[in-house]
Amino acid sequence: MELSTLGLKDRAQWEAKGYQLPQFDRAAVTEATRENPCWIHFGAGNIFRAFQANVMQNILNRGEMETGLIVAEGFDYEIIEKMNRPHDDYSILVTLKADGSVEKTVVGSVVESCILDSENEGEYGRLKEIFCKQSLQMVSFTITEKGYSLVNGKGELLPAVAADFAAGPEKPASYIGKVASLLYTRFKNGQLPIAMVSMDNCSHNGDKLYAAIHTFAEKWAENGLAEKEFVSYVNDREKVSFPWSMIDKITPRPDASVEEILKKDEIDGLDPVVTSKNTYVAPFVNAEECEYLVIEDWFPNGRPELEKGGIMFTDRATVDKVEKMKVCTCLNPLHTALAVFGCLLGYTKISDEMKDAELRKMVERIGYTEGLPVVVDPGILDPKEFIDTVLNVRIPNPFMPDTPQRIATDTSQKLAIRFGETVKNYLASKDKDIKNLKLIPLVFAGWLRYLMAVDDNGEKFELSPDPLLETVCPVVAGIKFGDTDVEEMIRPLLTNRAIFGVDLYEAGLAGLTVQYFKELIAGVGAVRATLKKYV
């Protein structure tokens with residue numbers, strides 16, 4: 001068995017081994033898509049293959065659309081060269097369900113793959129051709145939040161971006177420069193309308209994409225490299241839109257255990273590839289069953305009816321409420337709490353932590369008792385039901401190979417949003433008492449304890465990557481088990497609004513955080529003892 005057009009001709013062989021196959025005429029869909037493309041997506045990674053591509057496949061299977069998806073990759077061309085094209089743009093989605101069952105789907109909705117390389121005349125010419133099509137309604141992105149940034153960590157323009165500002169839209173080198181150039185091509189071809197839809201997991205993602213594209217348009221116009229009307233086109237809500245969206249689906253790196261399942265089915269050519277850019281890719285993707293994508297319904301050229309595949313369309317205010325519900329209370333804070341204490345207690349799988357009585361009770365109280373009272377119900381998703389699913393289906397899923405170590409990455413950048421917003425809400429409310437927050441300060445203290453890089457058994461462990469480690473770790477470097485005179489040492493962190501979103505002293509939470517921290521560093525086993533005492 002081979003994952004390719006030829007290998008899939010024997011459908012009975014695949015179906016006998018439990019694979020769901022595309023139910024549409026792929027050749028006809030490919031031809032229709034090439035002539036009249038509707039949707040092109042930038043970012044050929046796991047989330048796209050597990051989510052958007054499968055949504056489109058379900059719609060095509062029911063005969064409710066005639067065109068499929070085009071995917072373009074601009075960061076790592078080898079994904080297309082070594083994964084998409086050798087498999088004729090087919091991939092396998094392995095859905096890992098909480099009940100222990102596995103669903104295997106051959107996804108064929110992606111019918112063309114492109115490389116975003118302005119130096120390659122054939123590849124770039126095809127992308128320009130796509131952007132000139134009146135039929136194109138949506139350009140979407142999963143390129144990570146940093147993909148929209150035009151500057152480095154010091155706020156300095158990236159060299160490729162600076163060069164593109166000076167050289168113009170002909171052959172840009174930067175990712176956003178190339179996207180802006182393609183949009184300029186659409187502008188030159190009759191100012192055709194289009195929706196530019198970021199689907200990345202970051203706040204107000206549409207604004208980030210707009211800011212990057214708009215900056216290029218302005219710089220090119222200032223330098224006489226593009227018409228001033230191009231800036232007006234980018235700013236015209238009736239011509240170009242930048243909707244907000246909220247996406248939520250866990251798609252960990254392709255796991256060896258899933259690879260073994262597929263190899264037992266005797267599928268050839270499944271070996272993962274590590275590209276020269278250190279991207280780990282495989283012909284399959286493993287993912288959880290739950291998924292949410294909420295998009296602001298702002299499409300100047302119309303849009304595909306993706307609601308038929310479960311995607312939700314609404315107004316901007318509702319997208320914002322859904323995002324805040326997820327990021328600030330109902331999912332992300334629970335993940336971070338488990339990540340911090342999971343590292344301290346030696347866990348290597350998030351799902352295993354949910355079998356731990358203290359850890360489970362901790363996140364239940366953070367979610368239901370401390371977080372839920374401040375959630376604004378977005379209307380299209382019920383906050384309590386969302387937490388129910390998180391705690392009873394998603395996080396405990398034993399087949400999801402997600403780790404506390406991965407989730408603990410960049411924690412210093414997450415605390416202000418994932419917990420600080422709840423603290424601010426309590427402070428601003430007349431009917432909520434900040435003293436009722438008992439476990440959020442425990443997470444703050446747990447993070448300080450985590451920074452010591454010593455687990456609850458007294459063994460050293462490696463901290464997950466975080467841009468502030470060099471700043472925050474020295475604060476706790478001199479602290480040892482059993483120390484009690486530590487408040488002045490950690491005060492610089494407790495007052496850091498950038499980390500916690502508030503000054504913990506001004507918020508009235510510093511005393512409790514310090515108390516917890518002292519108990520967490522009392523000695524070997526103190527983390528577990530503290531959890532038992534307060535949870």
Side-chain angles (χ1 to χ4, degrees), residues 38-62 64-65 68-71 91 93 95-96 103 105 107 109-110 137-145 147-148 194-209 241-252 285-299 302-328 330-332 335 377-383 385-387 389-390 393-394 400:
C38 171
W39 179 8
I40 183 169
H41 183 89
F42 287 85
N46 291 341
I47 184 71
F48 164 73
R49 292 193 291 151
F51 197 168
Q52 291 92 336
N54 193 47
V55 164
M56 179 62 91
Q57 168 132 319
N58 291 333
I59 294 172
L60 286 167
N61 282 345
R62 294 193 296 269
E64 294 172 334
M65 279 194 71
L69 261 164
I70 301 171
V71 69
S91 64
L93 167 61
T95 303
L96 309 170
E103 189 175 277
T105 307
V107 178
S109 60
V110 178
Q137 295 178 319
M138 178 163 71
V139 182
S140 59
F141 302 82
T142 49
I143 60 175
T144 76
E145 183 171 4
Y148 305 104
I194 193 68
M196 307 289 283
V197 188
S198 170
M199 296 180 179
D200 274 298
N201 187 18
C202 54
S203 179
H204 302 170
N205 45 22
D207 289 354
K208 289 178 170 61
L209 177 57
S241 68
F242 297 88
W244 290 4
S245 72
M246 189 289 295
I247 192 167
D248 184 17
K249 186 177 180 74
I250 300 172
T251 54
V285 57
N286 39 239
E288 66 170 338
E289 60 195 290
C290 297
E291 59 188 26
Y292 305 89
L293 179 53
V294 183
I295 305 175
E296 178 186 0
D297 201 353
W298 177 21
F299 290 80
R303 61 169 175 79
E305 294 181 276
L306 300 180
E307 60 268 38
K308 292 179 177 178
I311 291 175
M312 292 170 271
F313 292 91
T314 185
D315 56 51
R316 174 168 287 198
T318 303
V319 174
D320 196 40
K321 289 174 187 174
V322 172
E323 184 200 341
K324 283 188 169 70
M325 179 193 79
K326 173 208 166 191
V327 174
C328 302
C330 296
L331 171 61
N332 295 20
H335 250 163
D377 188 341
I380 59 172
L381 287 173
D382 180 86
E385 288 180 10
F386 190 88
I387 298 182
T389 304
V390 166
V393 178
R394 302 180 69 186
M400 287 300 293

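Residues satisfying the side chain to side chain donor-acceptor pair (under 3.5 Å) test with Asn61, not counting sequence neighbours, are none. Glu296 pairs by the side chain to side chain contact (heavy atoms under 4.5 Å, CB included) definition with Pro243, Trp244, Trp298, Arg316, Val319, not counting sequence neighbours. Residues passing the side chain to side chain contact (heavy atoms under 4.5 Å, CB included) test with Gln137 are Cys38, Asn301, Pro304, sequence neighbours excluded. Take Ser91 and apply the side chain to side chain contact (heavy atoms under 4.5 Å, CB included) test, not counting sequence neighbours, and it matches Arg49, Val107. A search for salt bridge (Lys or Arg N to Asp or Glu O under 4.0 Å) contacts involving Glu289 returns nothing, not counting sequence neighbours. Among residues two or more places apart in sequence or in another chain, the salt bridge (Lys or Arg N to Asp or Glu O under 4.0 Å) test is passed with Asp297 by Arg303. For Lys321, the salt bridge (Lys or Arg N to Asp or Glu O under 4.0 Å) test picks out no residue, with sequence neighbours left out. For the side chain to side chain donor-acceptor pair (under 3.5 Å) test, no residue two or more places apart in sequence or in another chain qualifies with Asn54. With sequence neighbours excluded, no residue forms a ring pair (Phe, Tyr, Trp, His ring centres under 6.0 Å) with Phe51. Every residue meeting the ring pair (Phe, Tyr, Trp, His ring centres under 6.0 Å) condition with Tyr292, not counting sequence neighbours, appears here in chain and number order: Phe386. In this structure His335 satisfies the side chain to side chain donor-acceptor pair (under 3.5 Å) test with no other residue, sequence neighbours excluded. For Arg394, the salt bridge (Lys or Arg N to Asp or Glu O under 4.0 Å) criterion is met by Asp248, Glu288, not counting sequence neighbours.
When side chains are defined from C-beta on, Gln57 does not count as touching Leu93, because their heavy atoms never get closer than 4.5 Å. Taking 4.5 Å as the limit, some side-chain heavy atom of Asn201 sits within range of a side-chain heavy atom of Lys326.
Between the side chains of Asp200 and Tyr148, at least one donor N or O sits under 3.5 Å from an acceptor N or O.
The aromatic rings of Phe299 and Phe313 sit perpendicular to each other, their planes meeting at more than 60°, with 30° as the lower class boundary.
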